[in-house]
Structure formats: C-alpha cells, structure tokens
Protein chains: 2
Amino acid sequence: MASVKHDSREKLIRAAQKATYQQGFAQTSLADIAKAAGVPLGNVYYYFKTKEALGEAVIDARLSYIHRAHDSWEQSSSPADRLCAFVDSVLDNKEALARGGCSIGTLCSELSKARGPLARKASELLKQHLLWIQEQFSLLGRNTDAHSLAIHLLAGLQGVGVLAHSLGDADLVVTETRRLREWIRSL
Amino acid sequence: MASVKHDSREKLIRAAQKATYQQGFAQTSLADIAKAAGVPLGNVYYYFKTKEALGEAVIDARLSYIHRAHDSWEQSSSPADRLCAFVDSVLDNKEALARGGCSIGTLCSELSKARGPLARKASELLKQHLLWIQEQFSLLGRNTDAHSLAIHLLAGLQGVGVLAHSLGDADLVVTETRRLREWIRSL
DNA sequence: GTCTATATGTGGATAGAC
DNA sequence: GTCTATCCACATATAGAC
C-alpha cells in the first residue's frame, strides 16, 4: 500500500515534530528521533539528506496542519465567531502551553536565532496565521486597521504562551483568552 | 584594584550575556564566550564550575538590570506614566527586538524547554516584571484585576517581541506599543 | 591565578554489507 | 531499501605546568 511505502518517513516526521516541540530543534538529536520512530539511525539519511531537511519536513507538516485548522474555523459563519474559535483552540490547549509553550512560537523563536534558511521557512507559520486573522478583521469591516488588530490578537496569544510556559501556569491562558475574546466581541 | 581583581569574571559574564542573546544559551559554546572575552578557555572553569553556573551569573546580571530599570521608571510620578515608560523602553529597543527578540523572553522560552534548574531561575526575570507591572495597576486603583491587566500588558509586549523577531519586522513593535499605550491611558 | 594540552562524550554524517 | 559500524568535528570539563 502507498501508506506503507513511506511509513518510516512519516514516523520520522511525527517523532521529530514531537521531540522538537518538547526539547527544541537543536537540542533534539537524530538519534533521539530515530529511536522514537523505531528506525535505525543510519536510515534517517535515506529519507532526509540532512537534519535541516527533516526540519523542513516538520515545518511543512505544521503548515498543512495550520491550513486545516483555518478551514475548520471557517465553519463558523461570522468573522468574530471564527476569531473566537481560534482563541478557544488556544484555551483548549492551555495545559500543553504551560508545559511546552506554543508549538509554533517556540519553534520560530528558536530558529530565528539560528538565522538559517529554516528560520525563513518557519516564519511562514506565523505569517499564515497573521494573514488569516487579518482577513477575518477585514471581513468584520475593519479594513483600515485589520493589520494592527491582527498583530494585537496574535501578539496577545503568543505572549501568553511565553508567560504560561515560562511560569508554568496554565491559568494565565484562561485569563488572557477571556480578555481577548471580549475584546473581539467589542469591535 | 578591586575592579581589576574580577575583571575576567565580569568580561566572561558580559560576553556570555551577549552571545547567549544572539545565539541562544545551548548554541553558545564556552569557547565562543572565552574568545569574545579574551580569556583562555581553560580559565573559564576557574571562575565558573560549570557552564550552568555561568548561565546563573548571566541571569543574575539580568535580574539586577531589571531592578535598575524599575527604579528608573519609578522616577515618573503617576503609575500610568511608569507603565508607559516601560512600554516606551520596549519601543526604543525595536531594532534589537526584530534582530534577536526579547532578551528575557527568548532566554526564558529556551531554558523552559530544557527544564533544568536554570529554567526556574530564569522565570524569575519575567516574574519580577509581572509583579512590578501589577503593582502599578494596583496603584492605579485597579486592585481587583491588577493581575489580569498585568498579564495582558506583558503578554502583549512578549508577543510582539516574538512576532517582530520571527518576522524580522521592527514596525510591528511601533504598531503594538501604540495600542498598548492608548489602552493604559484608557483605564 | 593563568595558561596549554587533552580526556571524554556526543552529534551529524558517511561507507558499505546485506 | 535496510541496517551496522564508524569517521570527524566540536563541546564540556579536567590535568597539570608555570
């Protein structure tokens, strides 16, 4: 079956995604990933030329996940409901946020320091979110300041991710998402 | 002179602080730090038992810097002015933010993933900021929701740090600090 | 206190048998 | 395509002369 053909490849990407989120990309060794995926270390290089190539695959997986999330939030008919669905998804994830931070934010932060080609690719994750949010604000009739509003919302969520993670306090997410939801409704 | 006695030690801390901010703590080797400080690699261990001990010293240096900053902002008489002075200090730093993110936020994020004793120590940096901000809101007469307001302000600033850094766009800091300043004045 | 040399471990990457 | 063994670079940490 086609699903089996690249089974090891998929397993490696999933293991890399999980380990990278938990420990950071640089701190995750290919040996860690191979072990978690149940694949011999040497085989990693059959599927990915370098560690960086595996990193790209991880980002691609997160990108397609983001697009699926956008699709699901667009089931809500009003732009405000869509934005609140986004905020709610963060709230639903509060425990993981307190344990490991935002999977996208922490990845982008780390890779941005490295300043490699991966940094540019990872920034696309935040960019896609920002564009989607901005579009919702435009649909809400806030054409002139949609950009600024989108920055405010995403910054608030990224920021509370940093705080909840660093302080190990999931309740911060409750507090801040409530405020952001009310802010959206007030526009 | 006493100032010369621990000259190398101070140089090492400064070099470590700079390199850690630019590349991340784990990605910075003791060889990098020693070279930048003009100190032979072996000597590092005369001043610091381990790399982690040097990390602690870096955090201590940042902690005392934070306290000095709080003192300077308290030159402003009104709590709102003090909070705006804090926000302004972030705006003044926008170029560095776009290049390397928030020196405190990125450090806390990275170390929180490692989950070592350094993580706890680094979280004190954010905690101190949060407490100071909360106190200003209390002085503003917002006793009941000072905590939630403080989270909102610090999250906004941390978040815009993540965005400006990852997207390499200092203008985001201009946009968001303007909004946060107006929000403070509206309370 | 200051420096050089080096032990020790680990990680990315490759070679080559099967 | 899959696996084992290994090369090589680099990082923390130590030993020991000066």
Side-chain angles (χ1 to χ4, degrees), chain A residues 1-59 107 110-111 113-119 121, chain B residues 1-59 107 110-111 113-119 121:
Chain A
M1 304 186 283
S3 65
V4 170
K5 189 179 179 186
H6 290 303
D7 200 33
S8 291
R9 189 188 152 90
E10 290 302 320
K11 273 190 203 158
L12 283 169
I13 294 175
R14 269 182 239 284
Q17 197 161 350
K18 183 175 175 183
T20 293
Y21 174 53
Q22 290 174 335
Q23 318 171 358
F25 181 71
Q27 291 308 296
T28 301
S29 71
L30 292 176
D32 290 339
I33 297 168
K35 188 172 182 177
V39 171
L41 175 58
N43 280 32
V44 175
Y45 292 92
Y46 174 76
Y47 295 103
F48 303 98
K49 206 171 78 257
T50 62
K51 186 186 182 185
E52 183 168 325
L54 176 51
E56 279 188 53
V58 167
I59 295 171
L107 184 64
E110 180 191 347
L111 295 179
K113 292 244 172 188
R115 295 185 172 290
L118 272 188
K121 181 149 189 128
Chain B
M1 304 184 284
S3 65
V4 170
K5 189 179 179 185
H6 290 304
D7 200 32
S8 290
R9 188 188 153 90
E10 290 302 320
K11 273 190 202 160
L12 283 169
I13 294 175
R14 268 183 240 284
Q17 197 161 352
K18 184 174 175 183
T20 293
Y21 173 53
Q22 290 174 335
Q23 317 171 359
F25 181 71
Q27 291 308 297
T28 300
S29 71
L30 292 175
D32 290 340
I33 296 168
K35 188 173 183 179
V39 172
L41 174 59
N43 281 32
V44 175
Y45 290 92
Y46 175 75
Y47 297 101
F48 303 97
K49 206 171 78 260
T50 61
K51 186 187 181 184
E52 183 167 324
L54 177 50
E56 278 188 52
V58 166
I59 295 172
L107 184 64
E110 179 190 348
L111 295 180
K113 292 245 172 187
R115 294 187 173 288
L118 273 188
K121 182 151 190 126

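Every chain is numbered from 1, with letters handed out A, B, ... down the list of sequences. All values below come from the heavy atoms of this structure, side chains included, with hydrogens, waters and symmetry mates left out. Computed from a predicted structure; not experimentally measured.
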For A:S8 and A:Y47, work out which heavy atoms get closest and say how close. CB-OH, 3.4 Å

C:dG9 P sits how many Å from B:K51 NZ, rounded? 19 Å

CZ of B:F48 versus P of C:dG1: gap in Å, rounded? 13 Å

Non-hydrogen atoms of A:T28 and A:A19 that approach each other most closely: OG1-O, 3.2 Å

Please give me every residue in residues 34-45 of chain B whose heavy atoms get under 4.0 Å of an atom in DNA chain C, ordered by residue number. B:P40, B:G42, B:N43

When you measure from the side chain of B:K11 to the backbone of B:A36, do you find a donor-acceptor pair of N or O atoms at a distance under 3.5 Å? no

With sequence neighbours excluded, tell me which residues meet salt bridge (Lys or Arg N to Asp or Glu O under 4.0 Å) with B:K18. none

Interatomic distance, B:Y46 OH vs C:dG1 P [rounded to whole Å]: 4 Å

Over how many whole Å does the gap from A:I33 atom CD1 to C:dG12 atom C1' extend? 11 Å

B:K113 side chain to A:Y21 backbone, donor-acceptor under 3.5 Å: yes

Write down the atom of B:T50, the atom of B:Y45, and the distance for their closest heavy-atom approach. CA-CE2, 4.4 Å

To the nearest angstrom, the CG-P distance between A:L54 and C:dG11 comes to 15 Å

In residues 12-31 of chain B, what residues come within less than 4.0 Å of DNA chain D, judged by heavy atoms? B:T28, B:S29, B:L30

In terms of heavy-atom contacts, A:E52 and A:P117 come closest through OE2-CG, 3.5 Å

With no hydrogens and no angle check, is any side-chain donor or acceptor of A:Q27 less than 3.5 Å from a backbone partner on B:A114? no

